[in-house]
2 protein chains.
Amino acid sequence: MLTIGKMANATGVKVPTIRYYEQIGLLPDAERSAGNQRLYAKNALERLRFIRHARELGFPLEAIRDLLALSDKPDQSCAAADAIAKRQLQAVRARIARLQALEVELQRMVTQCEHGKMSDCRVIGVLGNHELCQHDHAEESFTG
Amino acid sequence: MLTIGKMANATGVKVPTIRYYEQIGLLPDAERSAGNQRLYAKNALERLRFIRHARELGFPLEAIRDLLALSDKPDQSCAAADAIAKRQLQAVRARIARLQALEVELQRMVTQCEHGKMSDCRVIGVLGNHELCQHDHAEESFTG
DNA sequence: CTAATGTCTCTAGTAACTATAGGTTCAAGA
DNA sequence: TCTTGAACCTATAGTTACTAGAGACATTAG
């Protein structure tokens, strides 16, 4: 049986985060030692590794919750898991596209800067006056 | 003088968001009508447009706060504003790079899926076992 | 004048943690 | 055996940038 600190070391997930995952039901309530400290078996370690890897790939916790539920049913079709991964792929691609548009505009702001006074500053100018900006980003909103 | 609703229409920033910006000091406290409703002059409209455009470009509110302070000093050098924009450009590029790595891995998970049973599922398999994953993402953490 | 719409304040909720306070347990060395 | 220090416990609040809701007041069109 592993303490919460060993779990944290083995997975790279911080101790408070493990407790948080338990609190929101992503990990089952851990067993406890005589002194009330959490103790984990190997399957809990695997579950936590699964969660961590999925988080690294950008899956939101709710999607991970669904994936964990699915992985507990080995006889079912994996179409549902596939759908979740596809959604995530779409989300990642959409984010990349939006960020690349931002990159272009930021790059232009920065390269046009001539290090003069604030009153001539490209950065301030473009931000204050959308006309100076060739890129139309009416539909954008920054969420990451 | 514009009501808060007109401001929202003119800029695309929602009414509660405008109040929020005032609350955190990004917009100055608005004047009020006899009936205690907010009234804005044209310079407040420009300030809000500036904020919105900067948000669309992904600047965090704290960076915008700094940019607004700088833009109020037209005689100073614009080097500080330039630095903020450069930082933002770096942040955007780092995000793009990380998301592209995720894209590759998600794509592989999805295309390898053969729609069998959960027990053979690539998606679940890769998430549960980092060995199946050719991409090393030890240093990643998903923040958007 | 009335009805509909707009606005007010305040509180709480979102995602996914992180930090802090104040206390308890455990493992190792003297 | 005692003690020290690290690791652990709970509970609450803070983070970012808003969004949603309740319940009351203001304004405007007809």
Side-chain angles (χ1 to χ4, degrees), chain A residues 1-27 29-40 44 48 50-68 87-88 91-92 95 98 140-144, chain B residues 1-27 29-40 44 48 50-68 87-88 91 95 140-144:
Chain A
M1 300 295 262
L2 302 168
T3 64
I4 197 169
K6 308 273 157 111
M7 289 279 281
N9 269 344
T11 61
V13 178
K14 288 178 194 145
V15 167
T17 305
I18 298 174
R19 289 197 277 250
Y20 168 72
Y21 286 163
E22 178 180 308
Q23 190 191 317
I24 64 170
L26 216 57
L27 288 173
D29 286 9
E31 294 178 52
R32 297 298 181 118
S33 73
N36 197 36
Q37 299 193 353
R38 287 172 181 81
L39 291 177
Y40 296 92
L48 186 53
F50 183 102
I51 294 169
R52 182 180 186 214
H53 200 177
R55 286 296 295 132
E56 285 171 347
L57 288 167
F59 288 91
L61 290 183
E62 278 317 295
I64 296 173
R65 197 189 291 277
D66 293 344
L67 288 169
L68 283 166
R87 257 203 303 285
Q88 180 58 18
V92 166
R95 254 196 283 235
R98 193 158 50 73
E140 284 161 22
S141 79
F142 183 74
T143 49
Chain B
M1 300 294 263
L2 303 168
T3 64
I4 196 169
K6 307 273 156 101
M7 288 280 281
N9 270 344
T11 62
V13 177
K14 289 178 193 147
V15 167
T17 304
I18 298 173
R19 288 197 278 248
Y20 169 72
Y21 286 163
E22 178 180 308
Q23 191 191 316
I24 64 170
L26 217 57
L27 288 174
D29 286 10
E31 292 177 54
R32 298 298 181 117
S33 73
N36 198 36
Q37 300 194 352
R38 287 172 181 80
L39 291 177
Y40 296 92
L48 185 53
F50 183 102
I51 295 169
R52 189 191 177 202
H53 200 177
R55 287 294 298 132
E56 286 170 346
L57 288 168
F59 288 91
L61 291 183
E62 278 317 295
I64 297 172
R65 196 188 292 277
D66 294 344
L67 287 169
L68 283 166
R87 258 202 302 285
Q88 178 60 18
R95 253 197 284 236
E140 284 162 23
S141 79
F142 182 74
T143 49

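Below, chain A is the first sequence line, B the second, and so on; all start at residue 1.
Rounded to an integer number of Å, the gap from CG of B/Asn9 to P of C/dT5 is 15 Å. Separating the CD1 atom of A/Ile51 from the P atom of C/dA16 is a distance of 12 Å, rounded to the nearest angstrom. In this structure, B/Glu31 atom CD and C/dC8 atom P are separated by 14 Å, rounded to whole Å. Whole-Å rounding puts the B/Leu39 CG to D/dA26 P distance at 14 Å. For the pair A/Tyr20 OH and D/dA11 P, the computed distance is 17 Å after rounding to whole Å.
Looking at which nucleotide of DNA chain C each of B/Gly35 and A/Gln37 is closest to, the 5′-most match is held by B/Gly35. Summary of the strand contacts: A/Glu62 and B/Val15 both lie near DNA chain C, and taking for each the nucleotide with the nearest heavy atom, the more 5' one is attributed to B/Val15. Each of B/Thr17 and B/Thr3 was matched to the nucleotide of DNA chain D holding its nearest heavy atom; the match closer to the 5' end belongs to B/Thr17.
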Practice item. Let me see the working for B/Glu62 and B/Arg65 under salt bridge (Lys or Arg N to Asp or Glu O under 4.0 Å), right down to the final yes or no. Key: CA-CA 5 Å; B/Glu62 278 317 295; B/Arg65 196 188 292 277; 3.1 Å; yes

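A/Ile4 comes within 4.0 angstrom of the backbone, heavy atoms only, and of no base.
The side chain of B/Asn36 sits closest to C/dT9 out of D/dT10, C/dT9, C/dT18. Closest approach to the B/Arg19 side chain among C/dT7, D/dT10, D/dA17 is made by C/dT7 (side chain taken as heavy atoms from C-beta onward). The side chain of A/Arg32 lies closest to D/dT10 when the candidates are D/dA17, D/dT19, D/dT10. Side-chain proximity of B/Tyr21 to D/dC18, C/dA16, C/dT9: nearest is D/dC18.
Checking the phosphate oxygens (OP1, OP2) of D/dA26, no side-chain nitrogen or oxygen of B/Arg38 falls inside 4.0 Å. For the OP1/OP2 pair of D/dT27 and a distance below 4.0 Å, the side-chain nitrogens and oxygens of B/Ser33 include at least one atom meeting the criterion. OP1 and OP2 of C/dC17 both lie 4.0 Å or more from every side-chain N or O belonging to A/Lys14.
Minimum interatomic distance between A/Gln88 and A/Pro60 (heavy atoms only, all atoms of both residues): OE1-CD, 3.8 Å. The shortest non-hydrogen separation linking A/Ile64 to A/Phe59 is CD1-O, 3.6 Å. The two residues B/Ala44 and B/Leu27 come nearest to each other via the heavy atoms O-CD2, 4.4 Å. Across all non-hydrogen atoms, the minimal contact from B/Val15 to B/Ala8 is CG2-CB, 3.7 Å.
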